[in-house]
Amino acid sequence: MYTQALNATDSQIQPVEDMSQAAAFQARIDAEERIEANDWMPETYRRTLARQISQHAHSEIVGMLPEGNWITRAPSLRRKAALLAKVQDECGHGLYLYAAAETLGISREQFFGQLLSGNAKYSSIFNYPATTWADIGAIGWLVDGAAIMNQIPLCRCSYGPYARAMIRVCKEESFHQRQGFEIMVTLSRGTGEQKAMAQDALNRWWWPCLMMFGPPDTVSEHSDASMAWKIKRFSNDELRQKFVDATVPQAQHLGLMLPDPDLRFDEASGHWLYGEIDWNEFKQVLAGNGPCNRDRLAARRKAHAEGAWVRDAAAAHALKQMRAAV
Ligand code: BYC
């Protein structure tokens, strides 16, 4: 179902930006019609989607690393089973998303090549370390919470294969968020040491989570086009604000302090106003200089190399079956 556009030749997907085709395409978007893999689309729309969906898929795959690191150290069998299920879900999300991105005419091998060569982006958040068990709670609560805020609108994305993939992803993310919040509830109601561990994790994850939503609207280079095409339904700053507004009461419920001295409720706008985000840190992480960028890529490269025999065996099996069928 997901691979129809792979049969398009290069000449078919060249930018044939025929004005009337482009106008008809935008009219379909404005009428909330879904664009499907074999429909005509502007080359810039196709490229924007391939970029965003593949980065999203890479994020899910790299996102397994900080939490996978804690599976063997989870404090109980129940916690271990839940974390294992969550990490497996992230892998599944990566696969749905790679499949959706493949409908845009780029192969899985090309996407993997871009990730492993360091040329593709994945979410900045996964370049931070998970140093204590409380980080698993904070990741589920905040990272998955931010992901849900960003991804629910993607279920209404104009591109059908992406929108459909996101429906299941969002259902699973909401389980992940509750799993993390429940860990935070347990720790924040536990001993003084456990509560301090929860607070420390919140201190370290809060600001990087706000960065997940991307650069401010004033400098977001892709937002205008993506909003016009209804790939994005809300701007980076709008989603960031929604996340802050939703999360402040949750932190209050936990009895934890958000690490922002400037955070205050603004009666006039009805929003929680937050302090300055360190965009220099964000740029450094995107440039490959975050705390874990090198480790993350090294882990993915090692896993890819060690999985070569599985890919070879699967390809040999598929060839055998194809030969048997003719
Ligand atoms: N990290 O013009 P902009 C998850 C890049 S959750 C790295 O605003 P756009 C998970 C951006 O790609 C995380 N790069 O871009 C959760 C662009 O660079 P390029 C994944 C970032 O696309 C829990 C440049 O900055 N979610 O997977 O309009 C457990 C300019 O930005 C980031 C998604 O990917 C960042 N935080 O908006 C496991 C959601 N922010 O491409 C897994 C889908 C920006 O020109 N993606 N950049 O080289 C989106 O919604 C949008 O792509 C973004 C950025 C809001 C992220």
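All ligand and atom numbering here is 1-based and tracks the order in the structure.
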Partners meeting salt bridge (charged side-chain N to carboxylate O under 4.0 Å, His left out) with R168 (sequence neighbours left out): E172
Would a 4.5 Å heavy-atom cut-off, applied to side chains only, mark F126 and L65 as touching? no
With side chains defined as the heavy atoms from C-beta onward, is the minimum distance between L83 and W133 less than 4.5 Å? yes
Report the hydrophobic cluster partners of L95, with the cluster defined as I, L, V, M, F, W, Y residues connected by side-chain heavy atoms closer than 4.5 angstrom, directly or transitively. none
Among all residues two or more places apart in sequence or in another chain, which pass the salt bridge (charged side-chain N to carboxylate O under 4.0 Å, His left out) test with R108? E102
Taking only heavy atoms of the protein into account, state which residues are under 4.0 angstrom from an atom of ligand 1, in chain and number order. R51, Q52, Q55, H56, S59, E60, E90, K121, Y122, S123, S124, F126, V143, D144, A147, N150, Q151, L154, Y162, M211, M212, F213, G214, P215, S220, E221, H222, S223, K232, N236, F282, L286
Main-chain N/O of K242 paired to D245 side chain as donor or acceptor, under 3.5 Å: no
